[in-house]
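First the structure, in the form of structure tokens, and then the observations on it.
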Number of protein chains: 2
Amino acid sequence: MDKPDPSSVPVSSNFGATSRSLPIALLRARERIMVPIREMLQQSGISEQQWRILRVLDEADGMEQTAIAHAACLQLPSLTRILKSMEADGLVARKTDEADRRRTVVTITAEGRSLIARHRARNAEIFATIEAEFGREKLDLLLDLLDELQQTRI
Amino acid sequence: MDKPDPSSVPVSSNFGATSRSLPIALLRARERIMVPIREMLQQSGISEQQWRILRVLDEADGMEQTAIAHAACLQLPSLTRILKSMEADGLVARKTDEADRRRTVVTITAEGRSLIARHRARNAEIFATIEAEFGREKLDLLLDLLDELQQTRI
DNA sequence: ACATAATGGTTGACATAGCAACTAATATTA
DNA sequence: TAATATTAGTTGCTATGTCAACCATTATGT
């Protein structure tokens, strides 16, 4: 449980070379992490995308959509539609910037913040578990490597 | 760009806490990697999901759909529909297992293998670039960590 | 000023994601 | 052996991903 001993790896999950494929490895790791998070979010009936948007806005409210899309890793067309339903659900509010009427400023509502607050404890618990099982140093190392990879010029 | 109350906003620069969020970090890193791959695949008009399926089948032909879904990190309902169009395009073939008529055995066609072959050089080039820019040791370390994370009991 | 380009965002079309309900075939159990 | 459960896959529904075309607004070049 401490070392990635190859002999301890179940033979049934032998994926050959694809297991060393970076895109697939990133995908598999993410799917693994998202299981408990999706379970958590299902109680509020919001998607993981909506959760990302709320967290981004909670950190820096009053953002333009392009900035949100970048921060939450969403395509602008997707964001347009997601925000539309989130606005209808009263989680966010949108208003056009009067100085530059192309821009739209999105703010999180009290209800949006309340939703985040309701899940904060469980969210922290999930990641505390990951940290405990996986190890804090390795987690930090992984985050560093991911951040670096994302900034790599390809 | 000025905020009315800077103290209410954690950071003016983007992504404070979300930059250390594992799901988002995994997503961002993956999106970064996929840019040149999507560009490559667009020349054949196939999706990254179809590419994953072809690569999995190329490694171990004659798989059942559940196994493919697991290996290619796809939902079974998605796989059903994707395979349907791939079969129509002549990239794969499906036949029901006569021993257990619930099962379907999927094989890659010559055309499917040819498509992989056409992209193998460029694919290798992309990952050689990543390896060169990011570093071989770090890449190996990252893959090890991702593999380990994916096997972590959460 | 005028035409043109660039920017921010929206919409359309189609493929995939994700959940639930469903069918058909096989296994299990009373 | 009949009833039930399990497994493999399919289908329906809705949301999101992705690309392209588009609109409105602002910036830029001549």
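By convention in this document, chain letters (A, B, ...) are assigned in the order of the sequence lines, proteins followed by strands, and residues within each chain are numbered from 1.
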TODO: May I have the distance from B/E39 (atom CD) to D/dA20 (atom C1'), rounded to whole angstrom?
DONE: 17 Å
Task: Under 3.5 Å donor-acceptor, A/S85 side chain and A/I82 backbone - done: yes
TODO: For the pair B/R102 and B/E64, find out whether any cationic side-chain nitrogen is under 4.0 Å from an anionic carboxylate oxygen.
DONE: no
- [ ] Please check if any side-chain donor atom of B/S114 sits under 3.5 Å from a side-chain acceptor atom of B/R118, or the reverse.
- [x] yes
Task: Spacing of A/E64 atom CD relative to D/dT26 atom C1', expressed in whole Å - done: 13 Å
Task: Value in whole Å for how far the P atom of D/dG9 lies from CE of B/M63 - done: 11 Å
Open item on the list: For B/I108, is there any backbone N or O sitting under 3.5 Å from a side-chain donor or acceptor partner on B/D61?
Closed with: yes
Task: Start and end of chain B contact along DNA chain C [non-hydrogen atoms, under 4.0 Å] - done: C/dT16 to C/dT26
Task: Presence of A/Q50 side-chain N/O under 4.0 Å of D/dT16 phosphate oxygens OP1/OP2 - done: yes
Task: Pairing of B/K138 and A/D144 as salt bridge, 4.0 angstrom limit - done: no
Task: Side-chain ion pair, A/R20 and B/D140, N-O less than 4.0 Å - done: yes
Open item on the list: On DNA chain D, does the nearest nucleotide to B/T66 precede the nearest nucleotide to B/Q42 from the 5' side, or the other way round? Give the residue.
Closed with: B/T66
Open item on the list: Can you list, in residue-number order, the parts of residues 75-87 of chain B that come under 4.0 Å of DNA chain D, counting heavy atoms only?
Closed with: B/L76, B/P77, B/T80, B/R81
- [ ] Mind running a 4.0 Å heavy-atom check of residues 88-103 of chain B against DNA chain D and sending the residues that fall below it, in number order?
- [x] B/R94, B/R102, B/R103
- [ ] Take the protein atom CG of B/L27 and the nucleotide atom C1' of D/dT16, then report the distance between them rounded to whole Å.
- [x] 12 Å
TODO: Give a yes-or-no answer on whether the side chains of B/R103 and B/Q65 include a donor-acceptor pair shorter than 3.5 Å.
DONE: no
Task: Protein-nucleotide distance (B/H70, atom NE2; D/dT7, atom C1'), rounded to Å - done: 17 Å
Open item on the list: How many whole angstroms separate atom CD1 of A/I53 from atom P of D/dA15?
Closed with: 14 Å
Open item on the list: Strictly distance-based, threshold 3.5 Å: is any side-chain N or O of A/T152 a donor or acceptor partner for the main-chain N or O of B/F134?
Closed with: no
Task: Rounded distance in Å - CD (B/Q49) to P (D/dT18) - done: 8 Å
Task: Electrostatic pair B/E125-B/R122, nearest N-O below 4.0 angstrom - done: yes
Task: Ionic contact status for A/D89 with A/K84, cut-off 4.0 Å - done: no
TODO: Using modelled atom types only, decide if a donor and an acceptor are shared between the side chain of B/T104 and the backbone of B/T96 within a distance under 3.5 Å.
DONE: no
